[in-house]
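Structure, as structure tokens:
Keep in mind that what you see is a predicted model, and the values were worked out from it rather than measured.
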Amino acid sequence: MMQNNLTDSIIGLVKEYIENFDMFDSNPQIRVNPATITAGLVNGRDMLAEIEDSNETIEDAAGAEGAETEDASDYQVKQNPDFYPVKSFLKTMADGRVVPDERRIEKIAIIYRQF
């Protein structure tokens, strides 16, 4: 996914949160997979579970031996998502409307340009 597509995707996810904020817990997150440059919207509890699963997979691979397990561990590390609080991408306008903060979102998307 190109950077502009990632920017557009995150803006869309933030808009989805704004329109349905009551469907999320108190710590909603934007989840970015650095390997595929894709984004999703998850609850904070889902983020914590995913981090725990990733750590467990890496620990299991570290306990095994051989080049194949090292490759599997490297792949898992590349798949580990980055999480960003949705609320950090919200901007309140003078009229009280809440909108995506496109400038902040663009700063995050630039990070993935190198991938």
Mind checking whether Phe89 and Tyr84 have parallel, tilted or perpendicular rings, split at 30° and 60°? tilted
Please lay out, stage by stage, how Tyr112 and Val32 fare under the test side-chain contact (heavy atoms from CB on, under 4.5 Å). CA-CA 9 Å; Tyr112 299 94; Val32 178; 3.5 Å; yes
Side-chain heavy atoms under 4.5 angstrom apart, residues restricted to Ile, Leu, Val, Met, Phe, Trp, Tyr: same cluster for Val99 and Phe24? no
Would Glu102 and Lys91 pass as an ion pair if we require N to O under 4.0 Å? no
Any idea which heavy atoms bring [X] and [Y] closest together, and the distance?
X      : Y     : value
Gln29  : Pro85 : OE1-N, 3.4 Å
Ile10  : Ala39 : CG1-CB, 4.0 Å
Ser26  : Lys87 : O-NZ, 3.0 Å
Ile105 : Thr7  : CG2-O, 3.8 Å
Pro34  : Asn80 : CD-O, 3.2 Å
Ile18  : Val98 : CD1-O, 3.6 Å

Do Asp101 and Leu90 have side chains that get closer than 4.5 Å, going by heavy atoms? no
Close side-chain approach of Thr36 to Asn33, heavy-atom, < 4.5 Å: yes
Is a side-chain N or O of Asp46 found less than 3.5 angstrom from the main chain of Val42, in a donor-acceptor match? no
Report yes or no: does Arg104 contribute a side-chain atom to a donor-acceptor pair with the main-chain N or O of Ser88 at less than 3.5 Å? yes
Tell me, with the steps shown, if Thr92 and Arg97 meet side-chain contact (heavy atoms from CB on, under 4.5 Å). CA-CA 6 Å; Thr92 303; Arg97 288 180 303 121; over 6 Å; no
Quick one: do Ile30 and Tyr17 satisfy side-chain contact (heavy atoms from CB on, under 4.5 Å)? Show the steps, please. CA-CA 10 Å; Ile30 297 292; Tyr17 170 77; over 6 Å; no
Start with the C-alpha gap between Asp25 and Arg45, add the side-chain angles, then the distance that decides, and say whether side-chain contact (heavy atoms from CB on, under 4.5 Å) holds. CA-CA 8 Å; Asp25 66 13; Arg45 66 181 171 273; 3.5 Å; yes
Between atom OG of Ser9 and atom CG of Leu41, what is the distance when rounded to the nearest 0.5 Å? 10.0 Å
